[in-house]
Amino acid sequence: MDTFSEFMDYLEKNKDSIRRDLKLDETSEIYKFYRNLFESSYHEFEPHDPGKIDVASTDSSEFLRMLYNGKNIILIRAYTLYKNNITSDFLADIVAVDPVDQRNFTILLMEHSEHKSILKFMEENSPEFIFIDGSLKGRLSHRVDQLPIEGYENFMYDYVKTLKEMIRKAFEKNITLIFMAKSSYTDCFKKYLLSTARKDPETLKIIEKESGIYRNDHYLIKSFARKKGYTQPVMYRKNIEGINVNYVSTDILPDPEDLPMKVQVISRDFAHIDLDGKPYSMDEKIINIIFYGYTGYKVYNLWLVDVDKKVKFRSVEMERIYMRALERKLGITFYETRGERRARIRA
């Protein structure tokens, strides 16, 4: 069966609706509405040589394998890379996890390992910046509930405690934490744009309608941005276990043909500023460093890609070293180790 021909038929029939889902129709009223708001909140930017940069970077990787008893062996490691030196954190455990909870649980473990790696690193190092792969907002938004996983019921309390300690230590040492995510499920910039619109009756009707329509930030940026730049930085405040944490969020577009990156920054300089949901003039040194570290979508950040290559679990490494060691140590043959069909490695 020629499935490619069927795929082309599908594209031909649906190309207009698919295109509308990827970019706003330039002839539509809603395009004109957003265009004016966007142009006043998007800053074109030409990067320059930042000179000496004092940067560390952190990322993690995960290996998961279901054994024949229904439990999962989980390996997590996080590296913080600084001047060719690595500070690591590692977790190995065998856990019974419901498949429905598995993905979120492993993400939590990876984030927690990153926080611990950074804390260890900061004991002896004080770079100006630490780049971290992922979203700060997501980490601050996790609920502190008991987990339905044996041995990890109270894990979220440790998670939050470590996250708070990492932020406190970064403030103490005046280290700026920069979180970067290539994907965007958020619409915080869209909400900020809507908050800047004039409040006449017709506009209020549009705002009310748009508030109920899902258009994420990167959808809007790709609809309007014609040159490299960044969206208006906006400060947000999140209370985490009784402590107010301020962070600044912006979207960086290093190339108009590429995809935007969600960037969230936390710094001691923000600690006592009360601007929740309001624009903030972030130091362009940070913006410039992010642009400087970009060399293409696959190498979206020199430092994060470097640490990613080092921390990532490789199939050969896991099958020939870790899984074989498991068999030898236990004296039990796990047929799950004979091949990769049931392995899942994510970095």
Side-chain angles (χ1 to χ4, degrees), residues 50-60 77-91 108-142 144 155-181 233-250 263-276 278 280-290 293 301 303-304 306-307 311:
K52 185 179 179 181
I53 306 173
D54 191 17
V55 169
S57 55
T58 301
D59 200 1
S60 60
R77 69 183 177 197
Y79 286 175
T80 296
L81 178 65
Y82 183 56
K83 297 179 179 178
N84 295 319
N85 295 315
I86 290 173
T87 305
S88 66
D89 182 76
F90 179 75
L91 168 72
L108 288 170
L109 291 177
M110 292 168 71
E111 292 174 348
H112 187 53
S113 189
E114 291 169 3
H115 302 160
K116 292 200 294 180
S117 171
I118 292 169
L119 269 172
K120 291 178 186 177
F121 167 77
M122 288 192 293
E123 289 176 3
E124 298 183 1
N125 300 278
S126 301
E128 188 172 3
F129 305 102
I130 300 178
F131 281 97
I132 305 164
D133 188 57
S135 166
L136 171 62
K137 180 182 178 182
R139 298 170 198 233
L140 292 172
S141 300
H142 292 312
V144 185
F155 170 79
M156 290 309 302
Y157 297 93
D158 289 336
Y159 179 101
V160 171
K161 179 180 177 182
T162 303
L163 175 59
K164 287 169 59 177
E165 179 61 16
M166 180 189 73
I167 293 172
R168 187 200 67 76
K169 193 70 173 178
F171 284 2
E172 177 187 305
K173 307 199 82 172
N174 199 21
I175 299 171
T176 298
L177 305 177
I178 304 174
F179 294 76
M180 294 186 64
V234 177
M235 180 169 287
Y236 296 97
R237 171 169 288 184
K238 178 68 178 180
N239 186 281
I240 173 172
E241 294 293 284
I243 302 296
N244 286 325
V245 176
N246 290 345
Y247 67 93
V248 172
S249 179
T250 182
V263 176
Q264 291 158 349
V265 181
I266 186 165
S267 168
R268 186 172 71 183
D269 295 340
F270 308 157
H272 302 293
I273 300 174
D274 187 11
L275 284 176
D276 190 18
K278 301 294 191 300
Y280 180 78
S281 299
M282 191 160 67
D283 186 352
E284 282 202 347
K285 180 179 181 180
I286 296 174
I287 302 293
N288 190 55
I289 289 173
I290 294 170
N301 181 275
W303 303 283
L304 284 176
D306 196 10
V307 71
V311 76

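Heavy atoms only: backbone and side chains are in, while hydrogens, waters and symmetry mates are out.
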In short, Ile289 meets Pro50 closest at the heavy-atom pair CG1-CB, 4.4 Å
Between His112 and Phe155 the two heavy atoms that sit nearest each other are CD2-CE1, 3.5 Å
Heavy-atom nearest pair, Thr250 first then Pro233, reads CB-CA, 4.1 Å
dist Lys161:NZ -> Glu165:CD (nearest 0.5 Å) comes out at 8.5 Å
*For the side chain of Lys173 and the backbone of Met122, is there at least one donor-acceptor N/O pair under 3.5 Å apart?*
yes
Sorted by chain and residue number, the ring pair (Phe, Tyr, Trp, His ring centres under 6.0 Å) partners of Tyr280 (sequence neighbours excluded) come out as Phe270
*Asn125 side chain to Phe121 backbone, donor-acceptor under 3.5 Å*: yes
Exercise. Can you find a heavy atom in the side chain of Leu108 that is under 4.5 Å from one in the side chain of Met156?
Worked result: yes
Of all heavy-atom pairs linking Tyr79 and Ser117, the shortest is C-OG, 3.7 Å
Distance col, row Leu140:CG vs Ile240:CD1, nearest 0.5 angstrom, shows 5.5 Å
To the nearest 0.5 Å, atom CG of Asn301 lies from atom OG of Ser57 at 7.5 Å
Open item on the list: Is it true that Glu114 and Ser60 share a donor-acceptor pair across their side chains at a distance under 3.5 Å?
Closed with: yes
query = When you look at Asp306 and Phe131, which way does the side-chain contact (heavy atoms from CB on, under 4.5 Å) test go after all the steps?
reply = CA-CA 11 Å; Asp306 196 10; Phe131 281 97; over 6 Å; no
Closest non-hydrogen atoms of Arg268 and Phe171, given as atom of the first, atom of the second and distance, are CD-O, 3.0 Å
Exercise. For Arg77 and Val311, run side-chain contact (heavy atoms from CB on, under 4.5 Å): C-alpha distance rounded to whole Å, both residues' side-chain angles, the deciding distance at 0.1 Å, then the answer.
Key: CA-CA 7 Å; Arg77 69 183 177 197; Val311 76; 3.8 Å; yes
When rounded to the nearest 0.5 Å, the distance separating CD1 of Ile266 from OG1 of Thr176 is 10.0 Å
Please tabulate, for the side chains in residues 81-91, all donor-acceptor contacts under 3.5 angstrom to protein atoms that are two or more places apart in sequence or on a different chain.
{"from": "Tyr82", "atom 1": "OH", "to": "Asp54", "atom 2": "OD1", "distance (Å)": "2.6"}
{"from": "Asp89", "atom 1": "OD1", "to": "Lys120", "atom 2": "NZ", "distance (Å)": "3.2"}
{"from": "Asp89", "atom 1": "OD2", "to": "Ser113", "atom 2": "OG", "distance (Å)": "2.8"}

Fill in: Under-4.0 Å salt bridge between Arg168 and Glu172
yes
In this structure, CD1 of Ile290 is separated from CZ of Phe129 (nearest 0.5 Å) by 9.0 Å
So CD1 of Ile53 and CH2 of Trp303: to nearest 0.5 Å the spacing works out to 4.0 Å
Subject >> Short side-chain to backbone donor-acceptor contact, Gln264 and Lys137, under 3.5 Å >> reply: yes
Practice task
Report the C-alpha distance between Thr58 and Val307 in whole Å, list the side-chain angles of each, state the deciding distance to 0.1 Å, and finish with yes or no for side-chain contact (heavy atoms from CB on, under 4.5 Å).
Solution key: CA-CA 7 Å; Thr58 301; Val307 71; 6.0 Å; no
Contact check, side chains of Leu136 and Leu177, non-hydrogen atoms, under 4.5 Å: no
- Query: For Arg237, does its backbone N or O pair with a side-chain atom of Asp276 as donor and acceptor, under 3.5 Å?
  - Reply: yes
* Under 4.5 Å between any side-chain heavy atoms of Ile132 and Arg139, yes or no? -> yes
Note: Met180 and Val263 closest approach over all heavy atoms is CG-CG2, 4.2 Å
Show, in sequence, the C-alpha distance, side-chain angles and deciding distance for Tyr157 and Val144, and conclude whether the side-chain contact (heavy atoms from CB on, under 4.5 Å) test is met. CA-CA 6 Å; Tyr157 297 93; Val144 185; 3.5 Å; yes
